[in-house]
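What you see is a predicted model, and the numbers here were worked out from it, not measured in a lab. One-based numbering, in listed order, for ligands and for the atoms of each.
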Amino acid sequence: MCGIVGYIGQRRVVPILLEGLKRLEYRGYDSAGLVFLQDDRLHKYRCEGKLANLEEVMDKVLTDSCVGLGHTRWATHGPPSEANAHPHSDCSGDLVVVHNGIIENFQTLREKLRAEGHVFTSQTDTEVLAHLIEDHLRDDLAEAVRQAVREVEGSFALGVMWRKQPDVLVAARFQSPLVLGVHETGSFMASDIPALLPYTREIIFLDDGEMAVLQANTLRVFRLDDGTRVEKTVQHIDWNAGMAEKSGYRHFMLKEIFEQPQSILNTFRGRLDPQTGLVSLPEIGLTNEQLLGIKRISLVACGTSWHAALVAKYWLEKWIGLPVEVDIASEFRYRRLLLGPDVIVIPISQSGETADTLAGLRLAKKLGARVIAICNVVGSTITRESDGTIYTHAGPEIGVASTKAFTSQLAALFLLTLFLGQVRETILPGTRKELAAALVDLPGVIEMMLPSLQEKLHVIADEFARSRDFLYLGRGANFPIALEGALKLKEISYIHAEGYAAGELKHGPIALIDRDMPVLALAPRDCVYGKLISNVEEVKARHGRIILVGSASDSRLAEISEYVIGLPDVHEDLTPLLYVIPLQLLSYQIANLRGCDVDQPRNLAKSVTVE
Ligand code: AGP
């Protein structure tokens, strides 16, 4: 996810761009840049690292330019660097682009443009857009943009400037947000509302497949497909700046929970052919021959990422037929490891900087294992030291409690399972298509489920917010989800919670069950459903207070529990991605009722870069 801002009007543009980027920095902060038009020339400034670096540079730049574009980056293709920072230029340097999104066919377009003589200066997918628009450029920038994006597959929110049309900015969007600001002093564009609030609250929301031509005293919107004019409604926004950064959500954690349909989609977008179920993971960094030679898989992670690893063990052993070990990184790095070139070690990390996971990676490399990271931050240390990385395109995760990064890790691990099954021919094509279709449908299922879930969970949160303890139970691939649900609750509400394999209850924890003990059990209709229900009956016989999460069509659940959280039916293998969401939301609501600091819980940090 990146942040875009643009302005054309009567005011000095650089302060507007810098202030706008500051308010969008939560969307990405590994590099930043801006461009303005002065004396018939485009002046471009780009810096790696935080926005403060760019501000420092701009302090020394004097200009009264009134038109420009700015960008703060969350890298998806090409590590953070000045060369990869936006804005990107065409060959002439007369045209610049800022972009938020993923161009799925950028390699194909890059090769085509190179063959036509275009010279590339970055590793990004975005630069392709600058050259593509240049290719279509005649005498009208808007028409060139419209023609160029017809060749693009993927998502984009664009800002474009051309030296030869100094009185125009062009904006376009498809599946990446872009809002426009209207004011008597000029016209604005931005990825999100916070960037515009200091200047205007009169907002136009650009829709998918639309573009806009911004001028100092006018703003027109057109359809991308046929260029016809679109009449848009100007909406008055009465958010304060703080709320706006969270797009109206009270906390980043809640916003990120609701972003999960998009982050899961972004993780498999461009890597999975919905028709054939074929997966492509060119970034894996290993040849098919090396993948065929694997004898064992070792997953290494901490915290929530370790829970993702535990889920993946079930998938990989089921579909690939290889032994899979899962280690907590702080244990992995201190035990005797039996690794070698026939073992793949997979460090999983949202931040890519967790000290124990990084130490485990280094040890694995020293012992000759091949390393494929699953990570959310392009260019982070873990990715730079791995043989290959499968990025989770979840965008920046600001809330300390990991939510969208977790389900994106699961999506990436499920893709890896399908890919290994494809290479090692352990999954029949028909089964692969069925599994792939289930993943493709999942974002829509979650999108539909989320709104009503909040209401349902308020009742349960009110009832149990004062609990001292909580037990979470699960079986199979949902046992790690029980662990994750317990971790979410304890890390943001400070209630002591434990996740357990439901079959373990009678080996000790059942002694905890009494009329005050809330027990939340995950009961999807899977191959261990009957066993799970028996465990719930054991809790009921001892007067435990039962909350069941299961299929909305399963009438049995209400017969044996006090509360039921009914969910849509999905493929058995994908229930972990669906069933974790009510647990995230329940933790969020209970923490709120207890007045806890949801986004920054006590004693915690977003990335544990020390042992
Ligand atoms: C998750 O809610 C926690 N914030 C924490 O357990 C986290 O998952 C763990 O520290 C690992 O971080 P990483 O994924 O960035 O390596």
| query | What do we get for E491 next to ligand 1 when only non-hydrogen atoms under 4.0 Å count, side chain, backbone, both or neither? | reply | side chain
| message | Between D387 and K365, does any NZ, NE, NH1 or NH2 come within less than 4.0 Å of an OD or OE carboxylate oxygen? | response | yes
| field | Over 12 foreign heavy atoms within 6.0 Å of OH, Y500 | value | no
| request: Could you list which atoms of ligand 1 come closer than 4.0 Å to a heavy atom of V400? | output: 2 (O), 4 (N)
| query | Using heavy atoms and a threshold below 4.0 Å, how should the contact between T304 and ligand 1 be classified: side chain, backbone, both, or neither? | reply | both
| request: Give me the ring orientation class for H99 and H86: parallel if the planes are under 30° apart, tilted from 30 to 60°, perpendicular past 60°. | output: parallel
| note | Of C302, S587, G399, the one whose closest heavy atom lies nearest atom 11 (C) of ligand 1 is C302
| request: Could you list which atoms of ligand 1 come closer than 4.0 Å to a heavy atom of S402? | output: 1 (C), 2 (O)
| request: Show your reasoning for whether salt bridge (Lys or Arg N to Asp or Glu O under 4.0 Å) applies to E397 and K404. | output: CA-CA 7 Å; E397 187 176 66; K404 64 174 183 173; over 6 Å; no
| query | For ligand 1, is there an N or O atom under 3.5 Å from any N or O atom of Q409? | reply | no
| Which ligand 1 atoms does S305 reach within 4.0 Å, using its non-hydrogen atoms? | 8 (O), 13 (P), 14 (O)
| task | For residues Y563 and F464, establish whether the separation of their ring centroids is below 6.0 Å. | result | yes
| task | Scan side-chain atoms only and decide if T72 and K22 contain a donor-acceptor pair under the 3.5 Å cut-off. | result | no
| task | Any atoms of ligand 1 less than 4.0 Å from a non-hydrogen atom of A401? List them with their elements. | result | 2 (O)
| message | Please list the nearest protein heavy atom to atom 12 (O) of ligand 1 with its residue and the distance rounded to 0.1 Å. | response | T354 OG1, 3.5 Å
| message | Within ligand 1, which atoms have a heavy atom of S349 less than 4.0 Å away? | response | 13 (P), 14 (O), 15 (O), 16 (O)
| query | At what distance is the nearest protein heavy atom to atom 15 (O) of ligand 1, and which residue and atom is it? | reply | S351 OG, 2.7 Å
| said: What I want to find out is whether D327 reaches R335 closely enough, with some N-O distance under 4.0 Å, to be called a salt bridge. | reply: yes
| request: Distance to 0.1 Å, residue and atom name: give those for the protein heavy atom nearest to atom 10 (O) of ligand 1. | output: V608 CG2, 4.0 Å
| task | Determine whether the side chains of S305 and Q350 contain a donor N or O and an acceptor N or O closer than 3.5 Å. | result | no
| request: Applying ring-ring contact (aromatic ring centres under 6.0 Å, His included), name anything that partners Y391, two or more places apart in sequence or on another chain. | output: none
| query | Quick one: does K488 get a heavy atom under 4.0 Å from ligand 1? | reply | yes
